[in-house]
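Heads up, the thing below is written out as structure tokens.
Keep in mind that what you see is a predicted model, and the values were worked out from it rather than measured. Within every chain, numbering begins at 1; the chains are lettered A, B, ... in the order of the sequence lines, protein sequences first and strands thereafter.
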2 protein chains.
Amino acid sequence: MADLSIDIVAKAAGVHRSTVSRAFSRPEAVKSETREHILRVAEGLGYTMSPLAQALRRKTSTFVPLIVPDITNPFFAELAKTMTQAADERGYQLLLCVTNGDPAKTDGYFTAMQAMYAPFGIVAPSTKVDTEALKRFDFGHKVVVIDRVEDDTSVPTVTVDSRRGIMLALDHLHSLGHTSIGYVSGIAGTHTAQDRMDAYLELSAEGNGTPLVLDSGSDPDAGARAAKHYLEMENPPTAIIAANDMVAFALISALGQSGIRVPEDVSVMGFDGLALGARFNPPLTTVRQPIADMGNIAIELAEKQNLNGSVDHVVLEPELLVRASTSGPRK
Amino acid sequence: MADLSIDIVAKAAGVHRSTVSRAFSRPEAVKSETREHILRVAEGLGYTMSPLAQALRRKTSTFVPLIVPDITNPFFAELAKTMTQAADERGYQLLLCVTNGDPAKTDGYFTAMQAMYAPFGIVAPSTKVDTEALKRFDFGHKVVVIDRVEDDTSVPTVTVDSRRGIMLALDHLHSLGHTSIGYVSGIAGTHTAQDRMDAYLELSAEGNGTPLVLDSGSDPDAGARAAKHYLEMENPPTAIIAANDMVAFALISALGQSGIRVPEDVSVMGFDGLALGARFNPPLTTVRQPIADMGNIAIELAEKQNLNGSVDHVVLEPELLVRASTSGPRK
DNA sequence: GCTAAGTATGAGATCGATTGCTGAGATCGG
DNA sequence: CCGATCTCAGCAATCGATCTCATACTTAGC
């Protein structure tokens with residue numbers, strides 16, 4: 001147990017330290033007989049290589065920062081979950097970095113990431129602010145962004161098709177018979193939030209409805225404010241699309257506190273497809289993002305970029321998830 | 001930007017590498033004049049020490065594993081949030097380790113933690129399984145557990161007083177006029193879950209009510225099963241305490257799907273005090289755990305243990321949080 | 001003015017790996 | 001049977017810090 005270094009193993013196996021090193025990291029360079037012997041000895045001793053020493057020498061570590069604004073938001077939590085798994089499988093360790101939306105923190109994490117030779121990092125989602133930070137660090141170290149990025153050229157990204165998602169939501173509501181469909185906006189400064197909103201505005205104008213934005217704020221209270229707004233309207237919409245599940249939760253909760261029932265009085269849809277939605281009251285109809293895929297793909301993109309410098313942009317398809325928060329409009 | 005080592009800075013400042021090292025990590029050992037000069041030069045170059053090299057030499061790093069079964073569970077997410085902050089402030093980096101309840105993973109994380117000279121780790125919450133893993137690694141590296149531990153002697157812990165929490169819940173419900181109060185159990189294998197259940201059983205017997213456990217399962221479906229059970233009862237309780245907020249959510253959701261309304265038909269309480277509860281429908285009455293404190297204290301305990309070997313056990317006070325999911329019993 | 005006790009810095013070994021270079025054997029064609 | 005080629009393993013420098021020891025320079029006391 002105590003202090004196993006490569007030299008100890010080398011001595012125990014009767015070879016030189018460099019041979020042990022090769023036995024592990026470049027197996028084809030060692031005669032298979034020798035290699036197996038070394039591996040057996042190492043195994044017996046319970047030896048594992050020091051990731052620290054390795055990283056120092058190789059100038060590339062296995063620490064992958066996951067930079068998110070708020071891990072408390074279930075979307076990021078679900079992302080973190082799938083990412084830890086994907087990371088584990090490939091021998092990375094995920095560093096949890098929570099910015100709280102503070103650009104200074106993002107900067108700090110980028111600096112730290114360089115200092116510890118991170119092979120790459122994952123940022124989700126990028127606000128305009130993050131995009132700028134990205135530029136400031138002309139990265140030798142690579143980043144993958146789980147979101148759209150203004151200037152799409154330099155950074156790999158993975159996103160879900162916002163427009164398609166909104167279309168799915170609108171279609172679902174239309175097919176239920178709704179014609180007056182409101183919208184509540186989501187997280188601050190995010191490209192995604194912007195895209196969803198734009199899509200709503202466009203599509204709902206096309207479908208010759210009148211766009212009806214109940215709240216375009218970006219804080220956690222958007223839901224509550226939207227509810228207030230709803231109550232004050234003479235002709236409230238019969239259905240509301242929330243920019244994300246969390247806002248939908250808050251909205252339904254606030255509505256409920258004023259005696260408005262979902263879906264009896266008004267239908268509400270979310271956007272994200274959080275697991276939590278299935279246990280909400282009522283279970284939330286929503287547009288599902290394939291979060292697990294996003295995590296895996298992000299890491300793949302990063303590795304690909306490291307390998308051959310390719311910068312890909314993957315756009316995933318959202319999916320309608322009908323549960324119980326939507327129904328036909330009230331007569 | 002490029003490859004700043006301590007030697008570069010040393011050369012630039014016209015001193016030896018060891019002096020630069022001291023200027024940073026043992027300021028009092030360097031003449032203040034020299035030190036300031038060095039610091040200025042370093043600053044100008046944009047130099048930061050390599051945590052990797054430092055850790056390798058010092059045999060102690062700043063990587064702190066946070067080992068949780070499921071980051072998707074908002075309780076752990078909130079914990080992770082406060083812990084990243086606490087960690088950041090003290091110069092640690094949090095490594096997110098998700099076990100999914102798999103003991104093999106826990107073992108793996110412990111091994112990794114030794115390999116990378118983690119000064120300590122945080123485990124939450126410990127199941128019996130984790131406790132055993134802890135023993136297996138007779139830790140030179142220290143661990144703090146956010147939960148109770150069987151054999152309390154060797155590992156620092158921070159917990160919330162389960163009995164007191166259940167008492168708070170029971171008192172609240174009694175004061176509302178409830179006499180028939182059911183219970184739904186929580187997460188598998190956890191000491192905390194066990195403690196809460198025991199407390200409920202004892203206290204509710206003492207208050208000469210009849211304990212009424214709707215479900216003692218431990219999976220995410222406990223809530224749904226409890227609801228089913230509730231519906232089948234001839235004399236269902238007028239109030240239900242859930243072992244944790246997530247179960248309460250699921251319970252209320254399932255109940256709602258069968259037309260049972262909370263709190264009109266039955267009062268439901270949670271236990272945790274998740275931020276999410278405030279935006280549930282209805283907003284959840286619950287027993288709040290001071291999660292932020294738990295995170296900070298955990299790190300403090302770890303540091304204290306590292307310093308002087310002290311093994312403390314902190315028990316925090318829970319707090320009643322009345323929102324809208326409880327009311328007087330239906331006539 | 002000279003020795004004793006500090007102070008402040010430099011030298012160099014070390015932490016645990018990787019890797020280019022070198023040389024010893026093995027293999028092979030003619 | 002000999003030189004050419006190929007394998008395989010050892011040597012030693014290196015990554016970026018830390019830390020013990022030794023040394024040069026102050027400062028103090030008498």
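Of the candidates A/Leu94, A/Leu95, A/Val158, A/Ile146, A/Ile146 is the only one forming a side chain to side chain contact (heavy atoms under 4.5 Å, CB included) with A/Ile122.
Atom OG1 of residue B/Thr99 and atom CD1 of residue B/Ile71 lie 11.0 Å apart, to the nearest 0.5 angstrom. Here the CZ-CZ distance, from B/Arg35 to B/Arg40, works out to 11.0 Å after rounding to the nearest 0.5 Å. To the nearest 0.5 Å, the span separating CD1 on A/Ile6 from CD1 on A/Ile8 amounts to 11.0 Å.
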Exercise for the section: Treat primed atoms plus P, OP1 and OP2 as sugar-phosphate and everything else as base, then score nucleotides 13-19 of chain D 5' to 3': B for base contact with protein heavy atoms under 4.0 Å, S for sugar-phosphate contact only, - for none. Expected result: BBBBBBB
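Whole-Å rounding puts the A/Lys31 NZ to D/dC8 P distance at 7 Å. Between A/Ile38 atom CD1 and D/dA9 atom C1' there is a gap of 9 Å when expressed in whole angstrom units.
Protein chain A touches strand DNA chain C; the 5'-most and 3'-most nucleotides with an atom under 4.0 angstrom of its non-hydrogen atoms are C/dG16 to C/dG20.
At a threshold of 4.5 Å between non-hydrogen side-chain atoms, the residues A/Pro156 and A/Ser310 do not count as touching.
A donor-acceptor contact shorter than 3.5 Å is absent between the side chain of A/Arg22 and the backbone of A/Val30. In terms of modelled atom types and a separation under 3.5 Å, the side chain of B/Glu78 and the main chain of B/Ala275 share a donor-acceptor contact. A donor-acceptor pair under 3.5 Å links the side-chain atoms of A/Asp70 to the main chain of A/Thr72, judged by distance alone.
Ring-plane geometry between A/Phe63 and B/Phe63 is classed as parallel, the angle between the planes falling under 30 degrees on a 0 to 90 degree scale with a further cut at 60.
Annotation for B/Ala13 and B/Ile38: closest pair CB-CG1, 4.3 Å, computed over non-hydrogen atoms.
When the local axes at the two ends of the helix from C/dA5-D/dT26 to C/dG30-D/dC1 are compared, using 5 base pairs at each end, they differ in direction by 50° after rounding to 10°.
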